[in-house]
K.L.:
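Below is one structure. I have some questions about it.
Each chain gets a letter, A, B and so on, in the order the sequences are listed, and its residues count up from 1. The figures that follow rest on heavy atoms only: side chains count, while hydrogens, waters and symmetry mates do not.
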There are 2 protein chains.
Amino acid sequence: MTTAEQTIGSNWLATAGLRPTRQRVALAALLIGDGQDRHVTAESLFDAAKNQGEGVSLATVYNTLRAFCDAGLMQEVTVDGSKSYFDTNVHDHPHFFWEDEAKVTDAPSDQLVIAQLPDAPEGAEIASVDVIIRLRRKP
Amino acid sequence: MTTAEQTIGSNWLATAGLRPTRQRVALAALLIGDGQDRHVTAESLFDAAKNQGEGVSLATVYNTLRAFCDAGLMQEVTVDGSKSYFDTNVHDHPHFFWEDEAKVTDAPSDQLVIAQLPDAPEGAEIASVDVIIRLRRKP
DNA sequence: TTAAGTGCAAATTATTTGCAGTAAG
DNA sequence: CTTACTGCAAATAATTTGCACTTAA
């Protein structure tokens, strides 16, 4: 990991008022270091950190992802009942879920047009609208 | 539970080629007995069965819900990472998720109009599109 | 009679938490 | 210094499974 990526990560943490610990800076660099949006599970991020020789415990990865979500730096994507996915893109946008690989990617949000949406029932308001496009390998 | 509801449940099982055991007929009657679509978790269905004095183990409720889904009688709705919800309405339709109550209901599908949908990436095809409208109590 | 279904209790999986030690402001 | 963070190991929660018993066909 370069110093540049660490700096980007530190700034990202700073904007949310989170302490830039060694572990968080390392994970932040993995998540946003190259400017690309990323979709991870706790396990996949843990493995990525390990592959870089970064010592971070799995519990800390879980706690850190929660902290990032609470701080609004990331969002959880609910696509699969058995695992939690986290997305560095916090804007409202649709997702592809590759069922064969159990992998999440962004779907192009400009290609999704919702012309009409059900009204929220009495006493409720719409917090967000999730659109998951489930994919399978073409036969 | 009336005999009529049991009969409806038995027929429902028969259409899927599932053996109408006492437990399955009881659960089926709870699920589709009154003709209304239902959204349950394993736990909520287990409680409902218990309240009717039907002896069904929790493991059997889990196994039965899986069997119903595998048979195409129900579908799983992924709205909450920590629990599985099951829907007796197998048609493609949007859902409301009431975040405060952790409850799922159907959203009126005629009020959802998707004018444009992202194309499936190369080599993939769209299996289904989930639309979850997350609600919160109005303040 | 025989293959499928049931019910426990034990196993599994993903995730959270308590708490003692470590480090950031 | 003081409070937040980390890491382990133990706890939790939802779900699945192994296996002996029961039941539908």
K.L.:
What integer distance in Å separates B:Arg24:CZ from C:dG7:P?
P.N.:
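Interatomic distance, CZ of B:Arg24 to P of C:dG7: 11 Å.
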K.L.:
For B:Phe68 and C:dA4, give me the distance from atom CZ to atom C1', rounded to whole Å.
P.N.:
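Going from B:Phe68 (CZ) to C:dA4 (C1'), I get 14 Å.
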K.L.:
Which residue pairs pass the salt bridge (Lys or Arg N to Asp or Glu O under 4.0 Å) test with at least one member in residues 72-94 of chain B, sequence neighbours excluded?
P.N.:
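Every pair satisfying salt bridge (Lys or Arg N to Asp or Glu O under 4.0 Å) with a residue in residues 72-94 of chain B: B:Arg66-B:Glu76.
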K.L.:
Under 4.0 Å from any atom of DNA chain C, heavy atoms only: list the residues of residues 70-88 of chain A that qualify, in numerical order.
P.N.:
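Listed by number, they are A:Ser82, A:Lys83, A:Ser84.
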K.L.:
State, to the nearest 10°, the angle formed by the axis through the first five base pairs of the helix from C:dT1-D:dA25 to C:dA14-D:dT12 and the axis through its last five.
P.N.:
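If I round to tens, the end axes sit 30° apart.
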K.L.:
Ignoring backbone atoms, establish whether A:Thr41 has a side-chain N or O less than 4.0 Å from OP1 or OP2 of C:dA14.
P.N.:
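For A:Thr41, the contact criterion (side-chain N or O under 4.0 Å from OP1 or OP2 of C:dA14) is not met.
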K.L.:
For residues 103-139 of chain A, which residue pairs qualify under ring pair (Phe, Tyr, Trp, His ring centres under 6.0 Å), counting only residues two or more places apart or in two chains?
P.N.:
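Qualifying pairs: none.
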K.L.:
Expressed as a whole number of angstroms, how long is the span from A:Leu58:CG to C:dT17:C1'?
P.N.:
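About 14 Å, once rounded to whole Å.
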K.L.:
Could you note down all residue pairs passing ring pair (Phe, Tyr, Trp, His ring centres under 6.0 Å) where residues 99-124 of chain B supplies at least one of them, sequence neighbours left out?
P.N.:
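Ring pair (Phe, Tyr, Trp, His ring centres under 6.0 Å) check on residues 99-124 of chain B returns no pairs.
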K.L.:
Between atom CG in A:Asn63 and atom P in C:dA14, what is the gap in whole Å?
P.N.:
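Distance check: A:Asn63 CG to C:dA14 P gives 17 Å.
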K.L.:
Between CZ of A:Phe86 and CG of A:Asn89, what distance do you get to the nearest 0.5 Å?
P.N.:
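If we round to the nearest 0.5 Å, A:Phe86:CZ and A:Asn89:CG are 15.5 Å apart.
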K.L.:
Check residues 115-133 of chain B and write down every donor-acceptor pair under 3.5 Å in which the side-chain atom is one partner and the other belongs to a residue at least two apart or another chain.
P.N.:
residue	atom	partner	partner atom	Å
B:Asp130	OD2	A:Arg134	NE	2.9
B:Asp130	OD2	A:Arg134	NH2	2.9

K.L.:
In this structure, how many angstroms lie between the P atom of C:dT13 and the CD atom of A:Glu43, rounded?
P.N.:
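Rounded to the whole Å, the gap is 11 Å.
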K.L.:
Would you say A:Thr60 places a side-chain N or O within less than 4.0 Å of OP1 or OP2 belonging to D:dG7?
P.N.:
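Checking A:Thr60 against D:dG7: at least one side-chain N or O falls below 4.0 Å of OP1 or OP2.
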K.L.:
What's the closest nucleotide to the side chain of A:Arg66 if the choices are C:dT15, C:dT6, D:dC8?
P.N.:
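Closest nucleotide to the A:Arg66 side chain: C:dT15.
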K.L.:
A:Arg38: what forms a salt bridge (charged side-chain N to carboxylate O under 4.0 Å, His left out) with it, not counting sequence neighbours?
P.N.:
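Expected list: A:Asp34.
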K.L.:
So does A:Thr60 get a backbone contact from the side chain of A:Thr64, meaning a donor-acceptor N/O pair under 3.5 Å?
P.N.:
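Pair found, side chain donor or acceptor close to backbone of A:Thr60.
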K.L.:
Excluding sequence neighbours, so at least two apart, what forms salt bridge (charged side-chain N to carboxylate O under 4.0 Å, His left out) with A:Arg19?
P.N.:
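Scan of A:Arg19 (salt bridge (charged side-chain N to carboxylate O under 4.0 Å, His left out), adjacent residues dropped) gives none.
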K.L.:
If you only use heavy atoms from C-beta on, which nucleotide in D:dT17, C:dT16, D:dT15 is closest to the side chain of B:Tyr62?
P.N.:
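Looking only at side-chain atoms, B:Tyr62 lies closest to D:dT15.
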K.L.:
Is there a residue in residues 8-20 of chain A whose heavy atoms reach under 4.0 Å of DNA chain C, and which residues are they?
P.N.:
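The stretch gives A:Arg19, A:Pro20 as the residues lying under 4.0 Å from the strand, ordered by number.
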K.L.:
How many Å lie between CZ on B:Phe46 and C1' on C:dC8, as a whole number?
P.N.:
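Whole-Å distance recorded here is 12 Å.
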K.L.:
Kindly say if A:Gln23 contacts the phosphate of D:dG7, meaning a side-chain N or O under 4.0 Å from OP1 or OP2.
P.N.:
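Looking at the OP1 and OP2 atoms of D:dG7, one of them is under 4.0 Å from a side-chain N or O of A:Gln23.
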K.L.:
Give every residue pair that meets the ring pair (Phe, Tyr, Trp, His ring centres under 6.0 Å) criterion with at least one member in residues 100-139 of chain A, sequence neighbours excluded.
P.N.:
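Listed once each, the pairs would be none.
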K.L.:
Scan residues 18-45 of chain A for pairs that pass ring pair (Phe, Tyr, Trp, His ring centres under 6.0 Å), counting only residues two or more places apart or in two chains.
P.N.:
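Qualifying pairs: A:His39-A:His95.
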K.L.:
For B:Arg22, what residues pass the salt bridge (charged side-chain N to carboxylate O under 4.0 Å, His left out) criterion, not counting sequence neighbours?
P.N.:
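Per chain and number, B:Arg22 pairs via salt bridge (charged side-chain N to carboxylate O under 4.0 Å, His left out) with no residue.
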K.L.:
Following the transitive rule for hydrophobic clusters with a side-chain heavy-atom cut-off under 4.5 Å over Ile, Leu, Val, Met, Phe, Trp and Tyr, establish whether A:Leu135 and A:Val79 coincide in one cluster.
P.N.:
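Result: no, two separate clusters.
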K.L.:
Can you work out whether A:Thr64 or B:Arg22 has the more 5'-proximal nearest nucleotide on DNA chain D?
P.N.:
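Checking each residue's closest nucleotide, the 5'-ward one belongs to A:Thr64.
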